[in-house]
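A, B, ... follow the sequence lines: proteins, then strands. Residue 1 opens every chain.
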Amino acid sequence: MADPKSHLHLARPLAPAAISTSAPATAPLSCTILPQALFSILDHASRRPADQERVIGTLLGTRSEDGTEVEVRNCYAVPHTETAEQVEVDMDYQKAMLGLHLRANPKEVLVGWYATSSELNTFSALIQNFYSQQGEGTFPHPAVHLTVNTVAGQDIDANTYISAPIGVTAERAADSCLFIPVPHEIKYGEAEKSGLEVIAGAREREDRSLLMQTDVETLEHAIEQVLEMLERVSNYVSNVLDEEAEPSSALGQFLMNTLSLAPKVDAEDIERDFNNHIQDVLLVSYLANTIRTQIDLSNRLATAALTMGTGNEGASTDGQQKQDGQQRRGGDRSDRGGRGGRSDRGGRGPGATFADMS
Amino acid sequence: MADTVPNTAPMREVQIEALVVMRVIKHSTSAFPTPATGCLLGMDMAASSGTQLQITNCFPFPAAAPDQPSTQQDTGYYQQPTDAATLAAGAPRAKSNVNYQNEMIKYLREVNVDAQSVGWYISTSMGNFVNLNFIENQFFYQKAADEKTVALVFDVSRSSAGSLSLKAYRLSPSFMASYREGKFNTENLQKSNLRYQDILVEIPIQIHNSHLLTSFLHDLPQAPPKQTALDFPSSLADLSHDPNVSSNPLAPNLDHLDLSIDPFMEKTCDLLLDSIEAHQTEQNNAQYYQRSLAREQAKITAWQAKRKQENQLRQQQKQPLLDENEWQKLFKLPQEPSKLESLLIGRQVEQYARQVDGFSAVVSGKMFGARGNLLPGEAQ
């Protein structure tokens, strides 16, 4: 998912000597954005005050030791007001919120800020200098500025920048800076895949929502998708064979490689392994449900015993003991089944249990 | 389980924003295997068919709760070992976190986030979440008068196997009533007819995307290629590097087709055994109680007989009679142990059993598929 657009890496302009000591590093860096940060920015954009063009917020994340890689993991909104002449950022809010976030995620640090418009102006430079300043800012590392274009009717695209100081005098340098685009990619982890899949499933729908599916439904969905892909490939192959489509040796080689991944196993071995495995699985499932029934029964006996008067107390205790014995046995069996033990021996377990019960 | 919802709870369904899903996943996986907890924000929409709870934002609770005393004083009779896992699990009702939550909500309100706490989330592994901590946390949220709160349970292990495992639970009204009384002895359970199946009510979940997000998701795989038809790749390496054929990151997720299930089964079996052991302990406690009760009662009967005899003697000798009910002061009947723990174990075992059912249903389908592929002749 790397941004296909190429970025121009400008050589860092020589800063005036007066401020060169306090200038943050402007070495190019690569930026990784996790989807939840982007989602959060989009959520903020849709909750902005009606009269405000863009909203801003702080980016949190981690930075590699040499500072060349930044991972944006989280973000939060910061209220600000912008008029034609001036911009006001709620510094106290930013500070308090940063403190709260750091309490919950001590590993994350301030890495930069975002704005929900792709425009870069004087105010952007001001805010950028605020975020990259010494003390509360990201100094000596550069602050990352992420812009996400949320203007209606245009593509939503994200851009990342770092800044270099520019300006003739120290006073002018405070409200001007040179934004240098840096490459970024949107990355997601293994665990987020399942979440993103459901979220992506809802994008095609009119009401933009999707009921959570059960495991079997998801499996069905996945199989359908695979079938569809197979269909496309086999269509292409048969078209090539009929000389209707243009053949490609690379594609052919790719398909060959893929097909050769199918294992060659004896039919008997497959049959045997298959039966063993499926018996184990079914047995574990059966035992788990037996245990559930036993526990249910035990709980009912435990509460039902005293209604029959004190005379029956002894009997009910006996019943519980007997049951416990069976649960122990059932439990041992399920353990063996789960580890792939001999299923025929375990298989007798529940049968015997039921005989005892009746 | 879901079909019991309409008649027991006024809450019809929970609608979760994609943002919340992603945040919960991120927090849970980074904290794994320690359970992660956090606060959910949103609002409830009343409709004719029942309330729909919309969860629009969330934030994590600080994991290390520094005030152990306050977590413990809530639990009272149940002394917790103070390891990281229990601390994290107790976080939602710790005093410092209540302050944290209030402060966070105050700040979030300024940026137009729905500033209403609608519950909490917790991460778990293989459905191992039904315990006293969970109940106490949800009770803490649900005890207010006109609350609409849910507990969102995210299963890290199961989600890594493919499909997203996110569930919303509430305590059932009958359980709330019993828990408020705080007595889970035999008599009360018979009266309220509470079974472990009635503790938690599951509420269906709907994932919802905002308009902006929908359009972003459509943009995300990158703009369609400029040419109408792609050129064929010239070599294999070209195929894996061409930006135009980069894989779509969102779907399909082929992890579902993974045949491996043994690690999950084994873990579930281990957990199941743990539950049985816990059940055994509870059973022993109950038996011990019954034995000591019987012993005490035998003593009382003996004492009463003796007193009666004495009184008969005194009557004959025309002496004042002794009080026959004095045994109430002399003997103390043992306290019945709480049945809550065994109820929870029952619920937990049910959870595991259903989980195993789900696993075996999915895996047997996949196994037959794989066999059909490897033995094409017999697939027909």
Q: How many angstroms lie between atom NE2 of H279(B) and atom CD of Q294(A), to the nearest 0.5 angstrom?
A: 9.0 Å
Q: Using a cut-off of under 4.5 Å for heavy-atom pairs, which of T268(B), V111(B), V24(B) has the most such pairs with chain A?
A: V111(B)
Q: Counting only non-hydrogen atoms closer than 4.5 Å, does K167(B) touch chain A with its backbone (N, CA, C, O), its side chain (CB onward), both, or neither?
A: neither
Q: Is there a side-chain contact between N112(B) and R48(A) (heavy atoms, below 4.5 Å)?
A: no
Q: Quick check on H221(A) against chain B: is it the side chain, the backbone, both or neither that has a heavy atom closer than 4.5 Å?
A: neither
Q: Out of H208(B), K339(B), Q355(B), which one racks up the most heavy-atom pairs below 4.5 Å with chain A?
A: H208(B)
Q: What part of R73(A) gets closer than 4.5 Å to chain B, counting heavy atoms only: side chain, backbone, both or neither?
A: both
Q: Just checking, is any N or O donor in the side chain of S46(A) or H211(B) under 3.5 Å from an acceptor N or O on the other one?
A: no
Q: Quick one: what part of T29(B) sits under 4.5 Å from any heavy atom of chain A, side chain, backbone, both or neither?
A: side chain
Q: Which distance, rounded to the nearest 0.5 Å, do you find between the CD of E108(A) and the OG of S30(B)?
A: 7.5 Å
Q: Using heavy-atom distances under 4.5 Å, tell me whether P35(A) contacts chain B through its side chain, its backbone, both, or neither.
A: side chain
Q: Measuring from atom CZ of F39(A) to atom CG of N209(B), what distance do you get when rounded to the nearest 0.5 angstrom?
A: 7.5 Å
Q: Need one label for L108(B): side chain, backbone, both or neither, based on atoms under 4.5 Å from any heavy atom in chain A.
A: both
Q: Rounded to the nearest 0.5 Å, what separation is found between the CD1 atom of I295(A) and the CD atom of E282(B)?
A: 11.0 Å
Q: For D43(A), which residues count as a salt bridge (charged side-chain N to carboxylate O under 4.0 Å, His left out) partner, sequence neighbours excluded?
A: R47(A)
Q: For D357(B), enumerate each residue passing the side chain to side chain donor-acceptor pair (under 3.5 Å) test, keeping only those at least two apart in sequence or located in another chain.
A: S285(A), N289(A)
Q: Which bit of I278(A) is near chain B, if near means a heavy-atom gap under 4.5 Å: side chain, backbone, both or neither?
A: both
Q: Could you check which of L42(A), L100(A), V281(A), D90(A) has the highest count of heavy-atom pairs closer than 4.5 Å to chain B?
A: L100(A)
Q: What heavy-atom pair brings L343(B) and N299(A) nearest, and what distance separates the two atoms?
A: CA-ND2, 4.5 Å
Q: To the nearest 0.5 angstrom, please state how far the CG atom of L212(B) sits from the CG atom of L38(A).
A: 11.5 Å
Q: For chain A, which of I207(B), V349(B), T214(B) has the most heavy-atom pairs under 4.5 Å?
A: I207(B)
Q: More than 12 heavy atoms of other residues, nucleotides or ligands under 6.0 Å from CD of E110(B): yes or no?
A: yes
Q: Of the listed residues (G358(B), S342(B), G369(B)), which shares the most heavy-atom pairs with chain A below a 4.5 Å separation?
A: S342(B)
Q: Is it true that R23(B) and S40(A) share a donor-acceptor pair across their side chains at a distance under 3.5 Å?
A: yes
Q: Sort out for me which of N74(A), L102(A), L282(A), I223(A) touches chain B most, counting heavy-atom pairs under 4.5 Å.
A: N74(A)
Q: Given the side-chain rings of Y76(A) and Y107(B), with only the six-membered ring counted for Trp, is the space between their centroids under 6.0 Å?
A: no
Q: Which atom pair, heavy atoms only, marks the closest approach of I276(B) to I291(A)?
A: CD1-CD1, 3.6 Å
Q: Against chain A, label D274(B) side chain, backbone, both or neither, depending on which of its atoms sit under 4.5 Å from a heavy atom there.
A: neither
Q: If you count heavy-atom pairs within less than 4.5 Å of chain A, which of T56(B), V156(B), I205(B), V21(B) leads?
A: I205(B)
Q: Any chance you could measure Q351(B), atom CD, to R292(A), atom CZ, to the nearest 0.5 Å?
A: 11.5 Å
Q: Counting only non-hydrogen atoms closer than 4.5 Å, does Q197(B) touch chain A with its backbone (N, CA, C, O), its side chain (CB onward), both, or neither?
A: side chain
Q: Counting heavy-atom pairs closer than 4.5 Å to chain A, which one of A31(B), S210(B), G365(B) comes out on top?
A: S210(B)
Q: Answer with side chain, backbone, both or neither: which region of F59(B) has an atom nearer than 4.5 Å to a non-hydrogen atom of chain A?
A: neither
